[in-house]
Amino acid sequence: MVRVAVIGAGTMGHSLAQVFAQGGYSVVLHDLSREILLRAQKLMEANLETLAEAGLFDPTQKEEVLQRRIRLTTDLPEAVSDADLVLEAVFEDPQVKKELFSRLDELCNPHAVLASNTSYLNVFEIVKVRNPERLLITHWFAPPHIIPLVEIVPGPKTSAQTVETVRGILTQLGKEPLVLKRFMPGFVANRLQMAVTLEMYHLLDQGVVSPEELDRAVKTSFGLRIPILGLAKRVDFAGLDMAQRALRNRSYRPPPVRGRSDVVDALVSQGRLGVKSGKGFYDYGGRSTEEILRERDLKLLKLMKFLKELGEL
Ligand SMILES: NC(=O)c1ccc[n+]([C@@H]2O[C@H](COP(=O)([O-])OP(=O)(O)OC[C@H]3O[C@@H](n4cnc5c(N)ncnc54)[C@H](O)[C@@H]3O)[C@@H](O)[C@H]2O)c1
């Protein structure tokens, strides 16, 4: 498998194209407009500079990766007609995915593997393709050029060979593939993150703590243990008999599912959308989004390096 097509050049797509190009693949990146593709190219360039600053990319290879290995096109047939692996990273909208996969089915080689980056959608029910044994979900995490985990979700008809081929490619790219037994909306990591995030909204809406205090509580307690113990091993350390008693404790009630948060609604109504608008729960002091992301990415890369040295990653 050498020819890769990435459909959608947004938050995820540009970085997916970059990961494959860095791994030596010939990649075609497709989106609906030239402007989006040029913005994606700028983002990839900035990502490579950050990786170079962290000592993880040879900057003399920048032109090879960006100019020679990645081709940008707004023409879908041109993007996918000779692709061996097609990664779909378009909007999380069932209709958009359905229409795109129906076109991919017409345009792609029958041997091409079709991988959706959906976060929650059961694409196996939504999309119709001639070769469902070659359809699967590969769920990456932002930013894909840094975060190792890729959840691989086979559908009811996905062949074992397709799963193994994709797992092999991801491993060779230095990623951490995790094959799930079956589809479950949100898969593993997002479900866990969502459970904690719903509790976070509840605590903030109830006025129990401020966002800064809440983050301090996370970072100085269970957040610190997670990189070393994960969640299940943490329970082993606490003792499963203790866990059994804690499960019986009925004074803890999970937050009610309301489909909204007062604190989030108030911030959004003030135009405080987070990093992209300079303010959210926090005020980012007028720094550019690029600068804030670069700082986060460099810290993540340092942390990952350290965790690798400890044998935890
Ligand atoms: N953002 C994340 O953190 C994240 C993480 C994991 C998975 N995902 C999933 O990845 C997918 C993409 O998410 P994103 O955050 O990159 O979205 P995004 O909005 O940043 O980018 C989507 C891109 O797809 C393009 N697009 C839309 N319809 C298209 C079509 N028919 N043909 C070609 N291009 C089309 C858009 O122009 C846009 O550039 C979604 O399914 C999302 O759930 C996102």
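Along the sequence shown, residues are numbered consecutively beginning with 1. Bear in mind that the values here come from a model prediction, so they are computed numbers and not experimental data.
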Distance-only, no hydrogens or angles: does the [X] side chain make a donor-acceptor pair with backbone N or O of [Y] under 3.5 Å?
X	Y	value
E88	K97	no
D205	S261	no
D31	A9	yes
S277	G271	yes
T50	A46	yes
T74	R34	no

Q) How about H111 and D84: does a side-chain donor come under 3.5 Å of a side-chain acceptor? A) yes
Q) Are D75 and T73 close enough that a side-chain donor and a side-chain acceptor fall under 3.5 Å? A) no
Q) Can you tell me how far the CG atom of L43 sits from the CZ atom of R39, to the nearest 0.5 Å? A) 6.5 Å
Q: Measure the spacing between CG of L87 and CE of M12 and express it to the nearest 0.5 Å.
A: 10.5 Å
Q: Could you walk me through whether E99 and R103 pass salt bridge (charged side-chain N to carboxylate O under 4.0 Å, His left out), step by step?
A: CA-CA 6 Å; E99 282 166 22; R103 290 211 65 206; over 6 Å; no
Between [Y] and [X], is there a salt bridge with N-O shorter than 4.0 Å?
X	Y	answer
R167	E164	yes
D262	R258	yes
R216	E212	no
R260	D265	yes

Which class fits the ring pair [X] and [Y]: parallel under 30°, tilted 30 to 60°, perpendicular over 60°?
X	Y	result
Y25	F20	perpendicular
F124	F183	perpendicular
Y284	Y282	tilted

Q.
Run the side chain to side chain contact (heavy atoms under 4.5 Å, CB included) test on D93 and L121 for me, step by step, so that the C-alpha distance in whole Å, both residues' side-chain angles and the decisive distance to 0.1 Å come before the verdict.
A. CA-CA 8 Å; D93 176 319; L121 299 172; 6.0 Å; no
Q) Pick one: which of V188, L170, L178 meets side chain to side chain contact (heavy atoms under 4.5 Å, CB included) with L149? A) L178
